[in-house]
Amino acid sequence: MPSVHSVDHAFMCASKLDSILDNIRATLSDVDIRQGPEWDLPTLRHAKARLQWLAADALQAMNLIDESVEQHAED
């Protein structure tokens with residue numbers, strides 16, 4: 001039976017992961033701001049900045065998943 005600490009930890013991780021995934025979805029929707037078929041320099045810069053945010057969020061999400069898996073293995 002999982003401990004109270006384990007349940008609290010799982011809830012905290014799940015909540016944080018939901019938030020990160022929502023941020024990733026919102027950021028993805030903002031990456032492609034092209035008005036036409038071309039990738040002009042401002043659009044490329046915008047996409048790069050958004051992708052950097054995505055990379056940071058994705059890394060944080062992966063770390064939370066690893067932490068949750070480790071916590072589950074300990075229980």
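In this chain, numbering begins with 1 at the start of the sequence shown. Values below: all heavy atoms of this structure, side chains included; hydrogens, waters and symmetry mates excluded. Here the structure is a predicted model, which means the values were calculated and not measured.
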(message) Taking side chain to side chain contact (heavy atoms under 4.5 Å, CB included) as the criterion, tell me which of Ile24, Ile20, Asn23 meets it with Gln60.
(response) Ile20
(message) Would you compute the distance between atom CE of Met12 and atom OG of Ser68 and round it to the nearest 0.5 angstrom?
(response) 8.0 Å
(message) Can you tell me how far apart NZ (Lys48) and CG (Leu44) are? Round to the nearest 0.5 Å.
(response) 10.5 Å
(message) Tell me whether Leu54 shares a hydrophobic cluster with Leu64, the cluster being built from Ile, Leu, Val, Met, Phe, Trp, Tyr side chains joined at under 4.5 Å.
(response) yes
(request) Identify whether Met62 and Leu21 are in the same connected component of the hydrophobic contact network (ILVMFWY, side-chain heavy atoms under 4.5 Å). (result) no
